[in-house]
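To keep things clear, I will list the structure first and then write my remarks on it.
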Amino acid sequence: MTATMKLVSSVRRLGCVLAFCFLALFLWGLPVARALDNGLAMTPTMGWLHWERFMCNVNCQEEPDSCVSEKLFLQIAEIMASDGWKDVGYEYLCIDDCWMAPERDSEGRLQADSKRFPGGIRRLANYVHSKGLKLGIYADVGNKTCAGFPGSFGYYDIDAETFADWGVDLLKFDGCYCDSIKHLADGYKHMSLALNRTGRSIVYSCEWPLYMWPIFKPNYTEIREYCNHWRNFADVYDSWQSIRSILDWTTSNQERIVPVAGPGGWNDPDMLVIGNFGLSRDQQITQMALWAIMAAPLLMSNDLRHISLEAKALLQDKDVIAINQDPLGKQGYRLRKVQ
Ligand code: GAL
């Protein structure tokens with residue numbers, strides 16, 4: 001082969017390699033922005049979260065059955081495993097705010113309130129795991145949680161290690177009491193990396209964009225790189241007005257938020273309140289259908305110990321759940337609004 005032929009053939013080979021690289025980059029970049037690289041939440045998280053139904057009820061003296069306590073979580077775990085919830089996909093049993101003691105321990109570690117959680121979180125996690133379920137916990141990026149318990153600011157690494165050490169599988173990280181937008185962003189990123197460094201698989205549920213919106217428009221591509229799901233809008237309540245306001249917000253911002261959702265990272269319109277008191281039957285069906293279409297995390301907040309057969313059948317509807325859990329992970333758009 002002459003030198004010229006050799007040169008032509010190498011240029012051709014290089015051309016092929018480059019073309020392949022561009023194609024690979026194109027395909028890689030196609031579906032959605034890059035997700036948090038922890039391999040979790042490839043479909044929207046399913047489970048139960050105490051907040052909307054039980055809020056910050058710490059009065060176990062007078063209301064032993066509905067206060068935020070170990071007893072509540074043990075009972076819900078038992079029911080999730082035995083009443084078909086786990087079988088249809090509800091896997092994460094999540095503690096929200098108000099589980100903590102008012103102070104950290106002498107080594108700066110968070111600790112559970114010892115009266116309400118006498119066995120501590122590690123023992124609770126063991127029990128939850130023995131039922132084939134996973135345990136979620138709650139903390140806050142700022143100086144205090146929204147209900148005033150110790151915040152994680154200045155303790156991100158220690159808290160991530162504590163949660164991993166206890167066997168926690170999901171962290172809901174709230175955004176109260178954060179003094180600047182820079183602290184908010186830095187804190188959410190720091191905790192994401194700290195959780196990854198523990199080596200334990202911990203789903204990371206953020207409220208980062210919710211706290212950013214009043215100041216400026218969140219960068220969802222960046223949020224997706226750090227979080228597995230993120231709350232955008234106000235807390236859900238047990239009323240149709242609340243569900244409507246979430247749907248209105250979601251649809252009026254859909255051009256910005258829908259394209260970013262996909263395997264590994266999801267918009268979180270907050271909990272399912274099906275099975276409580278405020279929604280009619282049709283409104284409950286509507287919440288289930290729309291949360292499925294929105295590829296939303298399906299985190300119920302209700303009392304599984306006392307739930308109607310109708311609500312149970314709706315929440316356990318395998319066809320609707322299959323839409324929510326579609327591996328393609330495309331969030332639906334609103335196409336039309338009928339006045
Ligand atoms: C709110 C959060 C709620 C709940 C509550 C706890 O900010 O959006 O979902 O976690 O704090 O205090």
Side-chain angles (χ1 to χ4, degrees), residues 44-59 66-69 72-73 76 92-102 110 112-113 116-117 121 135-153 159 163 168 170-179 181 183-185 187-188 191 202-215 218 223 227-239 241-243 245-247 249-250 253 257 266-274 276 278 287 291 294 296-303:
T45 304
M46 290 178 67
W48 185 94
L49 177 62
H50 93 246
W51 187 254
E52 199 288 324
R53 178 65 188 252
F54 296 95
M55 305 231 114
C56 192
N57 184 354
V58 292
N59 187 355
S66 52
C67 65
V68 178
S69 69
L72 173 67
F73 292 97
I76 300 289
Y92 287 82
L93 170 58
C94 304
I95 311 173
D96 207 289
D97 204 350
C98 304
W99 62 272
M100 296 174 197
L110 289 171
D113 182 283
R116 291 181 289 118
F117 291 84
I121 303 297
L135 184 71
I137 209 161
Y138 167 101
D140 189 287
V141 70
N143 292 307
K144 285 191 238 170
T145 72
C146 299
F149 290 87
S152 294
F153 183 70
D159 290 354
F163 298 144
V168 162
L170 176 150
L171 173 65
K172 171 174 174 177
F173 209 37
D174 211 337
C176 276
Y177 295 102
C178 198
D179 54 15
I181 203 79
H183 278 166
L184 187 82
Y188 271 104
M191 185 51 108
I202 301 178
V203 172
Y204 188 38
S205 164
C206 300
E207 299 206 31
W208 182 2
L210 167 61
Y211 289 88
M212 281 192 79
W213 269 107
I215 302 159
I223 289 169
C227 303
N228 290 120
H229 25 97
W230 46 85
R231 284 270 311 281
N232 294 310
F233 185 66
D235 293 1
V236 70
Y237 286 97
D238 186 17
S239 76
Q241 194 196 4
S242 165
I243 303 295
S245 67
I246 293 172
L247 291 171
W249 188 92
T250 304
N253 290 281
I257 67 167
W266 311 98
N267 290 297
D268 177 6
D270 212 3
M271 295 158 268
L272 293 170
V273 292
I274 296 163
N276 293 325
Q287 190 189 26
W291 261 236
M294 289 191 294
L298 298 182
L299 294 167
M300 307 176 280
S301 193
N302 49 20
D303 190 344

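In each ligand, atom 1 is the first atom listed, and ligand 1 is the first ligand listed.
- Looking only at protein heavy atoms, the nearest one to atom 8 (O) of ligand 1 is D235 OD1, 2.5 Å.
- Near K172, meaning under 4.0 Å from one of its heavy atoms, ligand 1 places the atoms 3 (C), 4 (C), 9 (O), 10 (O).
- The single protein non-hydrogen atom nearest to atom 5 (C) of ligand 1 is W51 CE2, 3.6 Å, given as residue, atom name and distance.
- Residue, atom and distance of the protein heavy atom nearest to atom 4 (C) of ligand 1 are D96 OD1, 3.4 Å.
- Aromatic ring pairs are classed by plane angle as parallel below 30°, tilted from 30° to 60° and perpendicular above 60°; the pair Y204 and Y188 is tilted.
- Contact atoms of ligand 1 toward E207: 2 (C), 8 (O), 9 (O) (distance under 4.0 Å to a heavy atom of the residue).
- Contacts of Y211 with ligand 1, taken as heavy-atom pairs under 4.0 Å, involve the side chain alone.
- Going from atom CE of M294 over to atom CD of Q287 covers 8.0 Å, rounded to the nearest 0.5 Å.
- With hydrogens and angles left out, the side-chain atoms of N267 and W230 include a donor and acceptor closer than 3.5 Å.
- Protein heavy atom closest to atom 1 (C) of ligand 1, with residue, atom name and distance, is D174 OD2, 3.2 Å.
- Here the side chain of D268 pairs no donor or acceptor atom with the backbone of H229 at under 3.5 angstrom.
- The ligand atoms of ligand 1 that sit less than 4.0 angstrom from a heavy atom of R231 are 8 (O), 9 (O).
- Of all the atoms in ligand 1, the ones that sit under 4.0 Å from a non-hydrogen atom of C146 are 1 (C), 7 (O), 11 (O), 12 (O).
- Aromatic ring orientation, W213 versus W249: perpendicular (interplanar angle above 60°, classes split at 30° and 60°).
- Side-chain atoms of S242 never come within 3.5 Å of backbone atoms of V236 as a donor-acceptor pair (strictly under, hydrogens ignored).
- A side-chain donor-acceptor contact under 3.5 Å links N276 to the backbone of S301.
- Here the heavy atom of the protein found nearest to atom 12 (O) of ligand 1 is D97 OD2, 2.7 Å.
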